[in-house]
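Let me begin by presenting the structure, written as structure tokens, before commenting on it.
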Amino acid sequence: MKRTLIALSCLLSTTMVQANVVTFEDSTVGAGDALSAGYSGFNWGDTYLADESFGVGYLTGSASGSKAAYGSQVWGSNIQWANTDTFNFVGAYWTISRSTASIRFEGFNDGVRLFQNSNQAINSSSPTWIELNWSGIDQLKIYQTGVNPWVMDDFTYNIASSGAVPEPATLALLTLGLTGMGVARRRKSHTA
């Protein structure tokens, strides 16, 4: 019975946390234009839409599809959560438009820096997956070395809401499992 309960709790916890991936393919702005405020739940300060026509680093930076985001603010581009909850930043694919550079990140909640990492090398020949798994932030700040724009795709995050609602299938499985455990317990108590 303990195994059943552990299995059910694992199932419930994995289905309640669902990764969201922003691929930029459904962005309605034109290539070279700033991403719209509120697009996919974020305000994309100093972040623009690129497509394959922009050249080498942009082409390789499109990890899925033909579009990606780019930013060129050496002093730090800000991606802010546009909702009241916080988000968990999982990671993204990164390239630089030309040559090589380093990129680093800081994660904030309500103006307080919670996370920072050291510089990570990126290049224009292939996308680099940078996974941070930062929880409970409302702002991601991106810094780069050099003047060439960074390129990002498959921005992956989870909503860090304490009021996560399980999917109907999950609730059905949980109910079925709890019912089964109740029946097993009743049988055991009647036979004892």
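- Using modelled atom types, one side-chain atom of Thr156 and one backbone atom of Asp154 make a donor-acceptor pair closer than 3.5 Å.
- Separating the CD1 atom in Ile159 from the OG1 atom in Thr86 is a distance of 10.0 Å, to the nearest 0.5 Å.
- Transitive grouping of hydrophobic side chains (ILVMFWY, heavy atoms separated by less than 4.5 Å) brings Trp150 and Leu49 into a common cluster.
- A salt bridge between Glu106 and Arg113 is present, with a side-chain N of the basic residue lying under 4.0 Å from a carboxylate O of the acidic one.
- The ring of Phe155 has its center closer than 6.0 angstrom to the ring center of Trp44.
- Inter-residue side-chain proximity for Trp129 and Trp94 is flagged as unmet; no heavy-atom pair is nearer than 4.5 Å.
- Taking all atoms of both residues into account, the shortest heavy-atom contact from Asp153 to Gly61 is CB-O, 3.2 Å.
- For the atom pair Asn20 CG and Thr23 OG1, the distance stands at 11.5 Å (nearest 0.5 Å).
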Starting from the C-alpha separation in whole Å, work towards a yes-or-no answer on side-chain contact (heavy atoms from CB on, under 4.5 Å) for Asn123 and Thr100.
CA-CA 4 Å; Asn123 61 62; Thr100 60; 3.8 Å; yes
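- Residues Ser97 and Phe54 have side chains not in contact (no heavy-atom distance under 4.5 Å, counting atoms from C-beta outward).
- Using modelled atom types and a 3.5 Å distance limit, the side chains of Tyr143 and Asn119 yield no donor-acceptor pair.
- Connection of Val29 to Tyr39 is established within a shared hydrophobic cluster, with ILVMFWY side chains joined at heavy-atom distances below 4.5 Å, either directly or through further cluster members.
- With contacts defined as side-chain heavy-atom distances shorter than 4.5 Å, the pair Glu25/Ser66 qualifies.
- Val151 places none of its side-chain heavy atoms less than 4.5 Å from the side chain of Ile96.
- Side chains of Ser124 and Thr95 form no contact here, defined as non-hydrogen atoms less than 4.5 Å apart.
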Hey, can you pull the donor-acceptor pairs under 3.5 Å for the side chains in residues 132-140, sequence neighbours left out?
{"from": "Asn133", "atom 1": "ND2", "to": "Glu131", "atom 2": "OE2", "distance (Å)": "2.8"}
{"from": "Asp138", "atom 1": "OD1", "to": "Asp110", "atom 2": "N", "distance (Å)": "3.3"}
{"from": "Asp138", "atom 1": "OD2", "to": "Asp110", "atom 2": "N", "distance (Å)": "2.9"}
{"from": "Gln139", "atom 1": "NE2", "to": "Asn78", "atom 2": "OD1", "distance (Å)": "2.8"}

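- Between Pro149 and Tyr70 the shortest heavy-atom distance is CB-CD1, 4.0 Å.
- For the residue pair Ser53 / Asp51, a side-chain donor-acceptor distance below 3.5 Å is found, with atom types taken as modelled.
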Are Val22 and Ser40 close enough, and set up right, to give a side-chain contact (heavy atoms from CB on, under 4.5 Å), and what steps lead you there?
CA-CA 7 Å; Val22 181; Ser40 290; 3.8 Å; yes
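- Of the N and O atoms on the side chains of Arg104 and Asn117, not one donor lies less than 3.5 Å from an acceptor on the other residue.
- The cluster map of Ile, Leu, Val, Met, Phe, Trp and Tyr, joined by side-chain heavy atoms under 4.5 Å apart, puts Tyr157 and Leu114 in the same cluster.
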Would you check, one step at a time, whether the test side-chain contact (heavy atoms from CB on, under 4.5 Å) holds for Thr128 with Gln120?
CA-CA 9 Å; Thr128 301; Gln120 297 195 5; 5.6 Å; no
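- Between Lys67 atom NZ and Ser62 atom OG the span is 10.0 Å, to the nearest 0.5 Å.
- Taking 4.5 Å as the limit, some side-chain heavy atom of Ile79 sits within range of a side-chain heavy atom of Ile142.
- By the 30° and 60° cut-offs, the orientation of the rings of Trp81 relative to Phe87 is tilted.
- Using a 4.5 Å cut-off on side-chain heavy atoms (C-beta onward), Phe108 and Lys141 make contact.
- Here the OG atom belonging to Ser27 is positioned 13.5 Å from the OH atom belonging to Tyr48, to the nearest 0.5 angstrom.
- Side-chain contact between Leu35 and Phe24 is present, with heavy atoms from C-beta onward closer than 4.5 Å.
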